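Take a look at the structure below.
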Amino acid sequence: MSSTLRVTVWNEGRHEKTHEEVRRVYPHGIHTVLAEAFRGAGFEARTATLDEPEHGLTEKVLAETDVLTWWGHMAHQDVSDEIVNRVAKRVLEGMGLIVLHSGHMSKPFLKLMGTTGALKWREAGEKERLWVVDPSHPIVAGLPEYFELPHEEMYGEFFDVPAPDQLVLVSWFQGGEVFRSGCCWNRGLGKIFYFRPGHETFPTYYQKEVQQVLINAVRWAAPGDLPKITFWHKPEPLEKLG
Ligand code: ZN
């Protein structure tokens with residue numbers, strides 16, 4: 001791993017091309033806003049989108065990525081299985097993965113979770129209040145005990161994912177539902193963080209608390225200096241046997 005964290009911000013990028021109300025909020029795409037926030041934190045950030053060759057995720061790009069962030073919604077099925085397998089393999093090798101909002105139904109997330117990723121949802125632009133439920137976790141460093149998004153899509157439980165290894169944030173919505181909004185899992189040598197907010201018609205990714213969570217999550221999910229792990233059949237014993 002190089003000393004500067006290398007983030008690849010992946011975005012489906014279709015809503016921004018086809019929906020005027022999304023283009024108004026993210027004229028250069030969700031990925032551009034996230035990449036700028038990461039650069040502001042001192043990370044090296046590149047972007048990749050669905051309609052690029054190999055969805056912008058070549059072997060070389062992934063080999064040079066410490067943490068991949070994933071936003072997708074309307075075109076999950078257009079992501080090729082070859083690229084999904086490539087992403088999942090890199091996560092098992094230690095690359096961090098941050099899955100955003102409607103990425104709960106993305107192929108890489110479902111492959112790594114093994115469940116349906118289903119949940120309740122409602123688009124009413126209601127208030128969301130996110131509560132920190134693991135105050136000493138590095139992903140919530142520098143945050144208040146709760147913060148609010150004035151207008152968001154609602155996601156409600158039950159969220160069909162494996163019980164998170166660490167649950168960091170829980171959301172309450174104006175309509176009464178609750179949701180596990182910040183979930184951590186380990187898969188192989190890799191770390192995965194799911195972060196709920198980020199509906200494409202709201203300026204969520206410009207909000208400072210949201211950017212702070214994502215910057216913290218990149219630092220948390222980065223692989224660091226991993227020990228070299230080997231899987232051998234019949235390894236030489238370290239001690240004399242018998
Ligand atoms: Zn949404």
Side-chain angles (χ1 to χ4, degrees), residues 9-35 37 47-51 55 68-79 84 87 97-113 115-131 139 147-161 164 167-183 192-214 217:
V9 178
W10 191 86
N11 183 19
E12 182 183 276
R14 292 270 176 90
H15 283 288
E16 294 93 329
K17 290 180 184 167
T18 53
H19 295 76
E20 182 52 38
E21 57 170 341
V22 178
R23 206 172 16 233
R24 230 178 289 131
V25 183
Y26 296 105
H28 306 291
I30 286 172
H31 51 293
T32 309
V33 173
L34 293 176
T47 61
T49 53
L50 177 64
D51 292 329
H55 312 322
L68 174 68
T69 71
W70 193 281
W71 196 101
H73 178 230
M74 62 188 286
H76 293 313
Q77 291 316 310
D78 293 353
V79 178
V84 172
V87 167
L97 177 65
I98 298 175
V99 177
L100 300 167
H101 187 60
S102 39
H104 71 92
M105 291 302 279
S106 67
K107 285 182 175 181
F109 185 64
L110 297 183
K111 182 180 174 71
L112 288 158
M113 292 294 115
T115 54
T116 67
L119 47 77
K120 292 184 184 64
W121 55 276
R122 172 175 63 235
E123 273 188 67
E126 65 206 90
K127 179 159 80 179
E128 174 176 9
R129 182 177 296 139
L130 293 98
W131 285 94
I139 287 181
F147 61 95
E148 293 177 349
L149 304 175
H151 302 288
E152 254 295 348
E153 181 181 15
M154 183 282 292
Y155 279 6
E157 297 280 349
F158 176 61
F159 181 21
D160 186 18
V161 286
L167 178 62
V168 182
L169 292 156
V170 169
S171 283
W172 166 90
F173 292 89
Q174 209 169 350
E177 289 84 358
V178 295
F179 192 78
R180 289 169 289 171
S181 274
C183 302
I192 301 172
F193 181 59
Y194 173 78
F195 187 51
R196 194 218 77 82
H199 187 66
E200 64 275 7
T201 55
F202 302 116
T204 297
Y205 292 121
Y206 294 95
Q207 195 165 321
K208 70 176 190 324
E209 295 95 338
V210 168
Q211 293 191 357
Q212 187 64 58
V213 167
L214 293 175

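Note that ligands are numbered from 1 as they come in the structure, with each ligand's atoms numbered from 1 the same way. The shown structure was predicted, so the numbers you read here are calculated from the model rather than taken from an experiment.
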Donor + acceptor pair across side chains of Glu21, Thr201 (<3.5 Å):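 Glu21 vs Thr201: no donor-acceptor pair found between side chains.
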Polar contact flag, side-chain donor to acceptor under 3.5 angstrom, Asp160-Thr116: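 Note: Asp160 and Thr116 side chains meet the donor-acceptor criterion.
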side-chain contact (heavy atoms from CB on, under 4.5 Å) partners of Ala35, counting only residues at least two apart: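 Applying side-chain contact (heavy atoms from CB on, under 4.5 Å) to Ala35 gives Val9, Arg39, Ala45, Thr47.
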Partners meeting side-chain contact (heavy atoms from CB on, under 4.5 Å) with Val25 (sequence neighbours left out):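 Val25 satisfies side-chain contact (heavy atoms from CB on, under 4.5 Å) with Pro203, Tyr206 once adjacent residues are dropped.
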Non-neighbouring partners of His151 that pass ring pair (Phe, Tyr, Trp, His ring centres under 6.0 Å), sequence neighbours left out: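 Expected list: none.
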Near the Zn ion (ligand 1) (under 2.8 Å) - protein N, O or S atoms: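 Near the Zn ion (ligand 1), below 2.8 Å, one finds His101 NE2, Glu153 OE1, His199 ND1.
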Under 3.5 Å donor-acceptor, Arg196 side chain and Phe179 backbone: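 A pair under 3.5 Å: no.
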